[in-house]
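Whatever order the structure lists ligands and atoms in, that order sets their numbers, starting from 1. These numbers come from a predicted model, not from an experiment.
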Amino acid sequence: MDKFIIEGRYALSGEVSISGAKNAVLPIMAASLLWPDRYVLHNVPCLHDTLTMARLMEIIGARVVFEHNRMEIDTTTCNNPEAPYEMVKTMRASFYVLGPLAGRFGRCRVSLPGGCNWGPRPVDLHLMAMKTLGADITLDGGYIIAKGRLKGGAINFDTSSVGATGNALMAAVLAEGETVLTNAAREPEITGLARFLQKMGARIDGIGTTTLHVTGQKELHGTEEEIIPDRIEAATFLIAGAMAGDKVKINGAREDHLTALLGNLEAAGVVLKRSDEVIEVSRPSTLQPVDMTTAPYPGYPTDLQAQWIAFMTQAEGSSVVRDEIYLDRFAHVPELARLGARIRLEGNTATVEGPTELIGAPVMSTDIRASASLVLAALVARGTSEISRVYHLDRGYETIEKKFAGLGARIERVAEDYLVQKG
Ligand code: UD1
């Protein structure tokens, strides 16, 4: 395991390029399991999570070649419709193979993910969707067994769920007849998945809205796709620029995917120079506190809640940050407090008192975005911070330390020393 050593208070300037979106490529990789053929994906980020999904697909029998952000997938050799616990427990998104495997094989065995650092994270909506499409679902030894050929149906989600929408959509494209998904998620990653499925020959209407109509097809085919830039990575660099930037240019920041964040940054007094997929950001002389509540897209993403809390420690006054998607997703709060942040946590609401002069300290990563918030805080803290367990960051940010170093940050990756010297 590695850790980052960050010496704070160096201004960031220059350009950074955003990688392909983790949450877009994972369901797209899973979708290629739907039909035996060859697929080529471009702009695939080299992350622990993309490698985990590639490994899972190999267990299922696919051939995957991944070089220089280009991934070739051959799903003609798939013969084992199963996602083992060892894979699913390391990455919940492995559950995305449920819909494609049920659609293609009419039977599959996929481990239940279990809880995580953000709370219980159930999969009831995924299972409800599969049952509505006619799958016989049973639980055996911690595994979901889905059996039966799928038939179209009316699937209504009482909560907007990215994963359940993705799984249901993938299952529906090969189901016999019409499927209608209502209150479907419309995050750009779901729109990206729907467009990829269309390129495979699926018939989907209503893309980009909360109602999706799918007409089941008898056949699909292989295709090629360019993965959209990662809006959460772009947003993390935008917030970094707003905290410590002296003209930071972010290439691959799609305004249309970042509306809620950009509005909040401007409300905080940050001036953004926007042009086609490039946004320039600097730290203003004073930052205003801005309250924020997470919501499904196009609302403010829960995946940016931790970074907003780090940002608000630098604002002139107090702000209230509420997470309505994941009520327990606040493991970063006590770690930020170790750097001197003043945050009161009550239920799903954090009240941040700013401005705070943060002071470097050893802190620990707990999940991908919590870790990103610690990096942001360390970049503006006086002195040196050590962030341990950065494998969380490696799950979701491609070479984040190199990108920050390229902007002038003092950040170094070192191997954690587990040897305790005996006295
Ligand atoms: C995806 C993202 C994750 C992001 C989240 C919300 C991927 C790989 N991960 O996760 O980074 O934080 O969307 O934008 O894309 N829920 C249920 N039952 C279910 C499924 C979900 O109650 O069966 C609830 C969840 O507990 C949560 C809400 O629905 O409160 C939204 O979760 P969901 O959109 O499903 O998150 P993921 O797809 O797991």
Side-chain angles (χ1 to χ4, degrees), residues 20-31 45 47-50 52-53 56 87-88 90-99 110 112-132 137 139 144 155-171 181 183-194 210 227-228 230-233 235-236 257 260-261 293-308 322-332 348 366-373 392-393 395-397:
K22 169 180 91 71
N23 289 352
V25 75
L26 295 176
I28 284 177
M29 288 169 73
L47 302 168
H48 269 202
D49 278 13
T50 40
T52 302
M53 186 59 104
L56 172 57
M87 304 303 292
V88 184
T90 64
M91 184 182 74
R92 288 180 61 85
S94 310
F95 208 65
Y96 267 134
V97 301
L98 177 69
V110 176
L112 270 181
C116 82
N117 282 341
W118 319 346
R121 297 189 78 184
V123 289
D124 55 315
L125 298 173
H126 300 243
L127 302 182
M128 174 277 288
M130 295 301 143
K131 284 180 194 162
T132 308
I137 299 284
L139 177 67
I144 294 296
I155 301 171
N156 178 51
F157 298 103
D158 53 17
T159 304
S160 177
S161 163
V162 174
T165 302
N167 244 332
L169 194 56
M170 290 189 275
L181 310 183
N183 195 26
R186 51 179 171 145
E187 270 67 4
E189 295 75 24
I190 289 296
T191 302
L193 169 65
T210 54
I227 304 302
I228 54 171
D230 194 311
R231 64 192 168 106
I232 305 300
E233 187 199 3
T236 303
H257 292 170
L261 172 79
T293 300
T294 65
Y297 189 82
Y300 188 91
T302 173
D303 283 351
L304 291 177
Q305 175 259 101
Q307 298 90 317
W308 193 259
R322 190 169 284 129
D323 201 322
E324 295 288 358
I325 311 284
Y326 288 107
L327 308 184
D328 299 326
R329 192 180 187 178
F330 288 98
H332 42 287
N348 67 336
T366 48
D367 67 64
I368 306 175
R369 312 304 171 187
S371 311
S373 80
H392 289 293
L393 282 159
R395 288 191 52 195
Y397 288 90

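Looking at Gln307 and Thr236, their side chains do bring a donor and an acceptor atom within 3.5 Å of each other.
Evaluation of the ring pair (Phe, Tyr, Trp, His ring centres under 6.0 Å) rule for His126 yields Phe95 as partners, not counting sequence neighbours. Glu187 pairs by the salt bridge (charged side-chain N to carboxylate O under 4.0 Å, His left out) definition with nothing, not counting sequence neighbours. Among residues two or more places apart in sequence or in another chain, the ring pair (Phe, Tyr, Trp, His ring centres under 6.0 Å) test is passed with Tyr326 by Trp118.
The contact shell of ligand 1, taken as protein residues with any non-hydrogen atom closer than 4.0 angstrom, comprises Asn23, Ala93, Trp118, Arg121, Pro122, Val123, Asp124, Leu125, His126, Thr159, Ser160, Ser161, Val162, Gly163, Thr302, Asp303, Ile325, Tyr326, Arg329.
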Could you go through Glu189 and Arg231, starting from their C-alpha distance and side-chain angles, then the distance that decides it, and tell me whether this counts as salt bridge (Lys or Arg N to Asp or Glu O under 4.0 Å)?
CA-CA 10 Å; Glu189 295 75 24; Arg231 64 192 168 106; 2.8 Å; yes
Where do Asp303 and Arg329 land on the salt bridge (Lys or Arg N to Asp or Glu O under 4.0 Å) test, with the steps shown first?
CA-CA 10 Å; Asp303 283 351; Arg329 192 180 187 178; 2.8 Å; yes
